[in-house]
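Both counts, for ligands and for their atoms, begin at 1 and track the order of listing. For the single chain, residues carry numbers from 1 onward in sequence order.
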Amino acid sequence: MNVNDSEVVVSILTREGYVHTERIAEADVILVNTCAIRDGAEQRIRGRLNEFKPYKKKKPSLLVGILGCMAERLKERLLEEERTVDLVAGPDAYRDLPKLIRTASEGQKAVNVQLSREETYAEIAPVRLDKNGVTAFVSIMRGCNNMCSYCVVPYTRGAERSRNPETILREIRGLFANGYREVTLLGQNVNSYRWEAEGTALDFPGLLEQVARFDPALRVRFSTSHPKDLSDEVLRVMAAHPNLCRAIHLPAQSGSTRMLELMNRKYSREWYLDRIAAIRRILPDCAVSTDLIAGFCTETEDDHRQTLSLMEEVEYDSAFMFKYSERPGTKAARHFADDVPDDVKTRRLSEIIALQNVLSLRNNEKTVGKTVEVLIEGVSKKSEAELFGRTSQNKVVVFPRQDFKIGEYAEVTVTGCSAATLLGADPKRIVKG
Ligand code: SAH
Ligand code: SF4
């Protein structure tokens with residue numbers, strides 16, 4: 001999401017005549033897009049700011065701006081706490097950046113952390129920074145209305161709002177015309193996408209259907225689905241369109257219903273497992289990934305074991321796994337004690353990671369001997385003689401380069417694997433559409 005926001009920022013500034021550079025020494029303005037989801041993310045950003053100091057010494061007119069969720073959370077305090085910072089802009093203030101940069105360059109306080117109920121940057125075509133030229137992120141909504149008790153996002157990104165579908169489809173058309181073959185529709189809770197205009201309404205299954213119909217050669221992914229809102233209808237739309245990728249990211253956070261209640265996730269372990277059963281029933285070849293938090297307030301060994309058993313039961317293909325980090329201002333910070341000792345959190349997290357490695361390997365081993373369809377994304381980091389791409393299930397496959405090109409589809413036979421990667425051989429070209 002932040003990558004995509006940075007692309008919007010570059011687009012806004014390019015219109016004003018700015019030129020994007022990745023060489024810090026060359027820059028007149030450095031903008032750092034930030035995350036506030038865990039304390040560790042913010043500490044990394046503070047460390048990064050120190051790296052800019054020598055550049056400011058060399059070029060006193062150099063401006064440093066903090067964008068995004070950390071800017072929103074700390075507001076003008078950032079100017080006081082971090083002497084390197086000249087400018088602070090929250091996630092809904094990017095259209096104001098040209099003005100903020102002018103204000104800061106005049107030596108004045110430049111802060112805009114106003115949140116909006118409408119801003120979706122709908123008509124702004126992001127300038128793609130990812131550079132593989134094949135896969136792109138497309139934001140379909142911003143903000144979040146779910147008040148998970150541990151989470152800072154509703155405070156830093158504001159209320160949920162959906163983007164005009166015409167602008168979404170226009171952006172996708174442009175991407176496809178420029179050679180892109182995969183889009184990931186982004187939102188904190190994509191299943192609650194809803195656009196209403198002139199008496200008609202479009203919900204997420206409806207949008208997904210329209211994007212799927214765009215071209216059979218365009219793959220579509222989406223993230224994130226909140227388990228409470230993942231409907232059978234979405235799964236049925238996926239089943240009807242092979243270009244809707246067989247991978248669902250369904251963050252569980254915990255396997256314990258008691259924890260889920262404290263987290264205000266609005267579902268139980270049983271509800272979550274029912275959604276998994278629906279996925280297995282309607283999309284038997286679908287990969288499932290998740291997010292898990294270790295050591296949330298009052299978590300006992302029994303709660304933790306329920307997370308491990310949920311993982312076993314679902315057999316996740318992959319997971320993002322975190323230690324609970326208290327965020328100021330959230331319901332958990334205000335009402336619950338962060339009472340799981342850090343060494344216990346660390347141990348539980350490492351048990352979760354170890355189990356996930358076993359599950360990832362087990363899942364990957366199941367594909368050995370099969371043929372998979374791969375969208376080629378680039379040259380392997382390890383060898384110029386190999387390419388890599390992803391399967392519909394979002395698994396990375398490395399295979400011989402031969403005369404294949406980035407952006408093409410290939411059918412590859414899986415000959416081996418690790419927990420992270422599939423090894424492929426005997427690629428055959430697939431032409432779509
Ligand atoms: N909207 C998405 C996730 C956004 S944040 C969703 O609800 O699924 C990405 C992940 O960060 C969350 O799923 C959660 O696992 C993790 N996370 C959020 N707040 C956290 C906190 N305070 N400490 C540790 N992990 C957290
Ligand atoms: Fe945070 Fe919950 Fe919203 Fe996800 S759904 S962004 S975890 S509040």
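Looking at atom 7 (S) of ligand 2, its nearest protein heavy atom turns out to be Y150 OH, 3.4 Å.
Residues R327 and T156 have side chains that never bring a donor and an acceptor to within less than 3.5 angstrom of each other. With hydrogens and angles left out, the side-chain atoms of E209 and H241 include a donor and acceptor closer than 3.5 Å. For the residue pair N243 and K432, no side-chain donor N or O sits within less than 3.5 Å of a side-chain acceptor on the partner.
Evaluation of the side chain to side chain contact (heavy atoms under 4.5 Å, CB included) rule for N112 yields A93, D96, L100, Q114 as partners, not counting sequence neighbours.
Ion pair K366/D317 not flagged as a salt bridge, since none of the NZ, NE, NH1 or NH2 atoms sits closer than 4.0 Å to an Asp/Glu carboxylate oxygen.
Close contacts of ligand 2 with R265, meaning ligand atoms under 4.0 Å from a residue heavy atom, involve 2 (Fe), 7 (S).
For atom 3 (Fe) of ligand 2, protein N, O or S atoms under 2.8 Å: 1 in total.
In this structure, the side chains of L349 and M321 come closer than 4.5 Å at one or more pairs of heavy atoms. Two residues are said to be in side-chain contact when any heavy atoms from C-beta on lie closer than 4.5 Å; R173 and F214 meet this criterion.
You'll find the ring centres of Y150 and Y324 outside the 6.0 Å limit.
Using a 4.0 angstrom heavy-atom cutoff, R157 does not count as in contact with ligand 2.
For residues 241-258, the salt bridge (charged side-chain N to carboxylate O under 4.0 Å, His left out) pairs, not counting sequence neighbours, are R246-D285, R258-D303.
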List ligand 1's nitrogen or oxygen atoms that come under 3.5 Å of a protein nitrogen or oxygen, with the partner atom and distance.
| residue | atom | partner | partner atom | Å |
| --- | --- | --- | --- | --- |
| ligand 1 | 1 (N) | Q188 | O | 2.9 |
| ligand 1 | 1 (N) | Q188 | OE1 | 2.7 |
| ligand 1 | 7 (O) | R265 | NH1 | 3.4 |
| ligand 1 | 11 (O) | R38 | NH1 | 3.2 |
| ligand 1 | 13 (O) | Q253 | NE2 | 2.8 |
| ligand 1 | 13 (O) | D291 | OD2 | 2.6 |
| ligand 1 | 15 (O) | Q253 | OE1 | 2.6 |
| ligand 1 | 22 (N) | Y150 | O | 3.0 |
| ligand 1 | 22 (N) | S325 | O | 2.8 |
| ligand 1 | 23 (N) | S325 | N | 3.0 |
| ligand 1 | 25 (N) | R38 | NH1 | 3.3 |

